[in-house]
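Chain identifiers are assigned alphabetically (A, B, ...) following the order of the sequence lines, protein sequences preceding nucleic acid strands; residue numbering begins at 1 within each chain. For the numbers below, each heavy atom of this structure counts, side chains included, while hydrogens, waters and symmetry mates do not. Computed from a predicted model, the values in this text were never measured in an experiment.
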Amino acid sequence: MSDKFEHDAVISGVARSAIGRRLGRSALDLTVDAAGAAIADAGLARGDIDGICTYPGGSADVTFGYAGPPPQEVQDALRLNLTWFQGSAELPGQLGAVVAAAMAVSTGLCRHVLVYRTVTESSAQGSGGRAAVLGSERAHSYGVWSAPFGGTSPVNWLAPVAMRHMHEFGTTREQLGQLPVTFRRHAALDPEAAVFTAPLSLEAYLAARMISTPLCLLDCDVPVDGCTALIVSTAAHAPNTPNGAVRIEAVGTAARGRLSWDQYADLTSMAAQGASDHLWSRTDLRPTDVDVAQLYDGFSILALVWLEALGFCGHGEAGPFLEGGANIALDGRLPLNTNGGQLSGGRLHGYGLIQEAIAQLRHAAGARQVRDAEVALVSNGGGPIAGALLLTRDR
Amino acid sequence: MQDPLLHRPAPSDDPLGRFFWQSGADGVLRFLRCGDCGYWLHPPSSRCPQCLSANVAPQPVSGRATVHTFTINVQPWTPGQEPYVYAIVEFPEQDGLRLTTNVVGCPIDEVRIGQQVRVAFVDRNDAYYPVFVPEAT
């Protein structure tokens, strides 16, 4: 074993199913499409796959399109022979499934893990919108202390973070709006993948209808149907990958402080701070070495919080960093969410961001390619759950 | 006063939190407090997270608090729902002792971070929901 387990594993393949609004296809159908393509992209055959890992696992029936098919369904659909499988949501963010796969490879439990994340939230919400999937029963889980007071949607949990950031640091909606506006510009360079590609002006952002102050419609990601699949392989497989492997330089998985929506000491950083500090403790690379970043943007404010937590700017300084948008443009100091992120590319729950990081490091991102990209940062989650990966081009 | 609790789920029936949702029956807000080290607990737990003592019991707080942050929910998640203030308030009894709640009893656009509020209770779903109203200034 290497000094750091993540160095024993590489991401050898990645692919996606059709992605779109209300595709009307089953989660398993989409998953099998993406899985088959990812296995081929890794230069492997089904018989090589001996591990499966997904976030969150569980039953898709009761979770309104949020969960994909559980590992057993995928194992059976592809007739895989596995030595290890796992589906879990109690992880350091959605990409905790990638970390778990790398751990399984490093410890020798398996050699090639199919990791997937499948969502059918767009179809689940259908013509009724999000209200169609909101329960009115007794509050449970995350909702115990928020739902009874109308903390109905994650937007209600994150909007107070944005409000507090604006209060403490003077951050403005104009500065926050640079995230969706810039991501939309990037999305237009990936018309096959992005959901929204029409140009978005700052004026249109500021005029968009409010959802939960200060977050408007364009601060919220877009529910879609789709699956992203990737293959985490033993590092020895790297030379055999037809499209190039990506190295995992460091993971950030820490859980520190009070990881709740309302009790965390500093609501303007939350779990992203622990994950970021842990990530940088596992590598000699520094934030200035990062060529391109794909930061979780389930809501625009989360990408802003990640910018600060990861040290791309000081705590409280994201507003000025974003001002005008030049820093996060494709030719800026930190090209950000180069496929449009989830705000314009669709809510693949972080996995579209991983796929884009891999495309950038393979120098296969076409018109949106960041020149000579060698180091990419991916973050997932926000609020009380967060994880981060530092990826490098295989040299 | 607008009804902030229209179409809301009932609280959890976890036995640890039952005292909290019933506390307002006499108009008093209570949190668990450690009898040994004095630490206030929220959400409820059977042991003090600071000293691990099991000597924890509900104790009244003043009911005064400060708005730490908030949002005005505008999106009508349920038909006919009015915009409402969803807030996190912090109590003077202990740094970081906070509660997610609603601020009611004033125009929604008058709520501010740092505003002084005090508890009031709404009786609903066999529980007393603690909400907060601005202190008279």
For this session: Anything under 30° is parallel, anything over 60° is perpendicular, the rest tilted; go ahead and classify B/H42 against A/W145.
Result: perpendicular

For this session: Against chain A, label B/I88 side chain, backbone, both or neither, depending on which of its atoms sit under 4.5 Å from a heavy atom there.
Result: side chain

Exercise. How long is the gap from CG on A/N156 to CZ on B/F70, to the nearest 0.5 Å?
Worked result: 13.5 Å

Seminar exercise, completed: When the 4.5 angstrom heavy-atom criterion is applied to A/L267 and chain B, the contacting part is side chain

Exercise. Heavy atoms, side chains only, cut-off 4.5 Å: are A/S212 and B/Y86 in contact?
Worked result: no

Problem set entry | Shortest non-hydrogen contact from A/V144 toward B/S12 | CG1-CB, 3.7 Å

For this session: Without swapping roles, check the side chain of B/N102 against the backbone of A/F149 for a donor-acceptor pair under 3.5 Å.
Result: yes

For this session: May I ask you to decide if A/D262's main-chain N or O and B/R98's side chain share a donor-acceptor pair within less than 3.5 Å?
Result: yes

Exercise. Got a sec: does the CG of B/D126 have more than 12 other heavy atoms crowding it under 6.0 Å?
Worked result: no

For this session: Measure the spacing between CD of B/Q75 and CZ of A/R209 and express it to the nearest 0.5 Å.
Result: 5.0 Å

Exercise. Just by modelled atom types, is the A/T213 backbone N or O under 3.5 Å from a matching donor or acceptor in the B/T71 side chain?
Worked result: yes

Exercise. So which of B/L97, B/D95, B/T101 has the biggest tally of heavy-atom pairs under 4.5 Å with chain A?
Worked result: B/T101

Problem set entry | Where B/Y84 and A/G150 come nearest, the two heavy atoms and their spacing | OH-O, 2.6 Å

For this session: Output every pair passing salt bridge (Lys or Arg N to Asp or Glu O under 4.0 Å) with a member in residues 62-81 of chain B, not counting sequence neighbours, ordered by first then second residue.
Result: B/R64-B/E135

For this session: Let me know if B/P130 has heavy atoms under 4.5 Å from chain A in its side chain, its backbone, both or neither.
Result: both

Exercise. Is the backbone N or O of A/P148 less than 3.5 Å from a side-chain atom of B/Y129, with the two atoms forming a donor-acceptor pair by type?
Worked result: no

For this session: Find the one option among B/L99, B/D13, B/I113 whose heavy-atom pairs under 4.5 Å with chain A are most numerous.
Result: B/I113

Exercise. Do you know the tightest heavy-atom contact between A/Q263 and B/P43?
Worked result: CG-CD, 4.3 Å

